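Here the structure comes first, spelled out in structure tokens, and everything after it is commentary.
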Protein chains: 2
Amino acid sequence: MAKASDLHSDAARKRRNTTAEKIKQLILLSGLRPGDSIPTEPELCRELGVSRTSVREAMRTLTTLDIVEVQHGHGSRVGKMSLAPLVETLVFRGVLSSGDDLTALREVVELRSSFDQAMADQLISAHQGHDNQSLAQLVTQMKGKAAKGQTFMAEDRQFHAELLAPIPNKLAGQMVTAFWDVHTAVLPRLGLALPDDLCQTAQAHGDILEAVQSGNHDGYRTAVVRHYEPLLRMLDITAAWETQPENAAS
Amino acid sequence: MAKASDLHSDAARKRRNTTAEKIKQLILLSGLRPGDSIPTEPELCRELGVSRTSVREAMRTLTTLDIVEVQHGHGSRVGKMSLAPLVETLVFRGVLSSGDDLTALREVVELRSSFDQAMADQLISAHQGHDNQSLAQLVTQMKGKAAKGQTFMAEDRQFHAELLAPIPNKLAGQMVTAFWDVHTAVLPRLGLALPDDLCQTAQAHGDILEAVQSGNHDGYRTAVVRHYEPLLRMLDITAAWETQPENAAS
DNA sequence: CTTCATTTGTTCGTATGTATC
DNA sequence: CGATACATACGAACAAATGAA
């Protein structure tokens, strides 16, 4: 039993999965890049000397981390290593915290607000001499939908994505988008929706864009605060609603 | 368009692993909290109507996301939902990017610097009337080790953890600690070490602490910049070293 | 369009190490 | 120390999806 010795190895207890580490080392040693094909499961079994079940569990782990991507019936490729696992963890943390209060979700919103403030300099300098036609168009679309009482999830997400796009640090944009995905994924699962502050939110987007284009740091800061104001206010009243069951319909 | 692929992978992820979603729903409906016990694998098989292998793969996914924790031979419990998956993804992204240049690692360091800047107000207000004895002691230890040319990884990590501890938003501290873990995990795997800027780094920690205690916003900002200066400089020269193979020892 | 080989997804059976009593 | 329950691992078989002949 040569395999039994592997089970007793020290790394097996400390680290989660030795097979996953082997596959990661294989990717590194082979010089594979995101999008490149990964050997099939039988090939991995022979090269790593483990069973297909172990390979599959390791691949499941790496798939969860977006280190590999699998396509049923076709094969596996190196993943894009996105922030999807962060989003999934924070989403579940948010819906789980709805039992006591909404601190977990509030922390995400607060952190995103602070982070937006910190990106002021990079945003303004990155948008120098940049074309913002699509951003302005998104703002008008959001204002139009807000006036009709409609939500504008898609436009909101695309606005923030395009706003952060010209920043050289791509990780920053991914982080902001991840935070956006978290709180927009949690709110519907809690049965909540934005109140009648849609117009203020849409207007705040326009103010943010205008401040960034004109290089107005203070205006950007206040616009960001106004942008998150309705969301934080809703979290406040909802938390009070939770902690005061006298007003709750039950 | 990057958006189409994102939507595809998102939909594929949901379609692929329904067992993990069922287990998450079970945790939510049962009102379980982090640390509570989860039904055993045979019980999950009966309740969810799937095989042990499917339950195992789903548990592997949730374990990777730190939504559940497994104890060999004992059972499973609800996890702490930490940012460990984020760290693992960014670490692998960093070591993978060492092939071309070190942009991925640089982005992590830059983003951490931006985060530190964003935490200025909350840090200063949270440290009002707070005891910082252990923080000052950590600074003296770091300075002593730097003077002897020794590294101070443990003290560095504890310093940032304790510095962020009094902040009400716990997610912010976890995020900063996660970024610290990323770049300290990547650097050794690339065979790199900090140059002789140890004294400057140690001094920057002292300046950060002093600025936070005295409520000096500008001093905090400049101290944070000096704190990351040696690290960014090393990334610069290493990237230049990589792109100019004439100077590289084959 | 159909057929077929390849690859991943799922299930079952079995054996072994590990922790608790 | 032994017994029990559990997690871990291996192997085989079949189902589903993809792509090419």
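This is a predicted model, so every value here is computed, not measured. Sequence lines set the chain letters: A, B, ... in the order given, protein chains first and strands last, and positions in each chain run from 1.
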Item to check | Between D:dA7 (P) and B:R60 (CZ): distance, integer Å | outcome: 13 Å
Checklist outcome for this item: Side-chain contact check for B:T40: nearest option of C:dT11, C:dT8, D:dA7 is D:dA7
Next on the checklist: Could you tell me how far apart A:L44 (CG) and C:dT7 (P) are, to the nearest whole angstrom?
Outcome noted: 11 Å
Checklist entry - Are more than 12 heavy atoms from other residues, nucleotides or ligands located less than 6.0 Å from atom CD of B:Q133? => result no
Next on the checklist: Tell me whether A:E57 is salt-bridged to B:R56, with the criterion being a basic N under 4.0 Å from an acidic carboxylate O.
Outcome noted: yes
Checklist entry - Nearest-Å distance, CD1 (A:I38) to P (C:dT7)? => result 14 Å
Checklist entry - Does the distance from a Lys or Arg side-chain N to an Asp or Glu carboxylate O, for A:E41 and A:R46, drop under 4.0 Å? => result no
Next on the checklist: Without decimals, in angstroms, what is the distance between A:E57 CD and C:dT10 P?
Outcome noted: 12 Å
Checklist entry - Can you check the A:M59 CE to C:dT10 P distance for me, whole Å? => result 14 Å
Next on the checklist: Please evaluate residues A:I167 and A:M119 with respect to the criterion side-chain contact (heavy atoms from CB on, under 4.5 Å), reporting the C-alpha separation (whole Å), side-chain torsions for both, the decisive distance (0.1 Å), and the verdict.
Outcome noted: CA-CA 9 Å; A:I167 286 186; A:M119 300 301 294; 3.5 Å; yes
Checklist entry - Which of the following nucleotides, D:dA7, D:dG11, C:dT8, is nearest to the side chain of A:E41? => result C:dT8
Checklist entry - Where each residue is assigned the nucleotide of DNA chain D containing its nearest heavy atom, which of A:V55 and B:P42 is assigned the position nearer the 5′ end? => result B:P42
Item to check | d(CZ, B:R56; C1', D:dC6) in whole Å | outcome: 11 Å
Item to check | Sidechain N-carboxylate O distance under 4.0 Å for B:K80, B:E69 | outcome: yes
Checklist entry - Rounding to a whole Å, what distance do you find between A:E43:CD and C:dT8:P? => result 9 Å
Checklist entry - Are B:E155 and B:K145 ion-paired here, with the side-chain N under 4.0 Å from a carboxylate O? => result yes
Item to check | Where protein sits on nucleotides 12-17 of chain D, one letter per nucleotide: B base, S sugar-phosphate only, - none, heavy atoms under 4.0 Å | outcome: -B--BB
